[in-house]
Amino acid sequence: MKHKARCPNIGHLVHLRMAHPVIFFDGVCNLCNAAVQFILKHDKAAVFKLAALQSDAARQLLADQPVNAAASNSILLLEDGRVYSRSTAALRIAKRLSGAWRLLYVFIIVPAFIRDFLYDLVARNRYRVWGKQDSCMIPAPELQERFL
């Protein structure tokens, strides 16, 4: 059974966009869903909101951004009105997690073309290696407020 994401009103989304960084992920990708579970576990301060790229919320929030969310092969981070993708998004997310994970941000000094080459290698093969689901994950009731 496919999960239909609830469609919050646009005013609520605009407020969230300004108050919280939003992580957009491929909702059917097993690797991406594992990354979301990891983020939820290590985002102790509940800094991030999350949305599947396939959701209405993602389409609305990214409508005025220079990205095509439906065709994106990347995790996206909307932070302070700017969209980050690929390795830059992943490192900016890690920087705000609890524990030693924030130390990964030091890799931001590596040129983006090198980081993104490695990121793209994983992204291109993610379905083949980790598989994919028929529909987006349904968050546990206690985590639903974290998802758009």
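- Around atom OH of Tyr127, more than 12 heavy atoms belonging to other residues, nucleotides or ligands sit under 6.0 Å away.
- Counting heavy atoms from C-beta outward, Phe24 and Leu61 have side chains that approach closer than 4.5 Å.
- Arg92 places no side-chain N or O within donor-acceptor distance of the main-chain N or O of Tyr84, the cut-off being under 3.5 Å.
- Under the 4.5 Å side-chain heavy-atom criterion for grouping Ile, Leu, Val, Met, Phe, Trp and Tyr, Val106 is connected to Phe113 within one hydrophobic cluster.
- The two residues Ala52 and Ala58 come nearest to each other via the heavy atoms O-CB, 3.3 Å.
- Cation-pi geometry between Arg86 and Tyr119 is not met: the NZ or CZ atom fails to fall both under 6.0 Å from the ring centre and inside 45° of the normal.
- Taking CG of Asp43 as the start and CZ of Arg146 as the end, the distance is 4.5 Å to the nearest 0.5 Å.
- Pairing each heavy atom of His20 with each of Val47, the nearest pair is ND1-O, 3.0 Å.
- Side chains of Lys49 and Ile23 form no contact here, defined as non-hydrogen atoms less than 4.5 Å apart.
- Taking all atoms of both residues into account, the shortest heavy-atom contact from Lys44 to Ser98 is CG-OG, 3.2 Å.
- Tyr105 contributes atom OH, which lies 4.5 Å from atom CD1 of Ile108 (distance to the nearest 0.5 angstrom).
- The closest side-chain heavy-atom distance from Cys29 to Trp130 is not below 4.5 Å.
- Between Leu50 and Val22, the closest side-chain pair of non-hydrogen atoms is not below 4.5 Å.
- For the pair Asn30/Val129, no side-chain contact is recorded, criterion being any heavy-atom separation below 4.5 Å from C-beta on.
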Take Ile39 and Ile93, measure what side chain to side chain contact (heavy atoms under 4.5 Å, CB included) needs, and give me the verdict at the end. CA-CA 8 Å; Ile39 291 166; Ile93 292 165; 3.9 Å; yes
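- A salt bridge does not link Lys95 with Glu79: every distance from a Lys NZ or Arg NE/NH1/NH2 to an Asp or Glu carboxylate oxygen is 4.0 Å or more.
- Taken together through direct or relayed side-chain contacts under 4.5 Å among Ile, Leu, Val, Met, Phe, Trp and Tyr, Leu91 and Phe117 form parts of separate hydrophobic clusters.
- At least one side-chain heavy atom of Pro21 sits less than 4.5 Å from a side-chain heavy atom of Arg96.
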Start with the C-alpha gap between Leu53 and Leu76, add the side-chain angles, then the distance that decides, and say whether side chain to side chain contact (heavy atoms under 4.5 Å, CB included) holds. CA-CA 9 Å; Leu53 283 165; Leu76 301 175; 3.8 Å; yes
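- By the criterion of side-chain heavy atoms lying less than 4.5 angstrom apart, applied directly or through intervening Ile, Leu, Val, Met, Phe, Trp or Tyr residues, Leu104 is grouped together with Val36 in one hydrophobic cluster.
- Separation of atoms CD1 (Ile75) and OG1 (Thr88) is listed at 12.0 Å; rounding is to 0.5 Å.
- With rounding to the nearest 0.5 angstrom, the CZ atom of Phe107 is 11.5 Å from the OG atom of Ser87.
- Put simply, the side chain of Arg115 gets close to the backbone of Val110: a donor and an acceptor are under 3.5 Å apart.
- By the 4.5 Å heavy-atom criterion applied to side chains, Phe38 and Leu97 are counted as neighbours.
- At a threshold of 4.5 Å between non-hydrogen side-chain atoms, the residues Asn33 and Phe25 count as touching.
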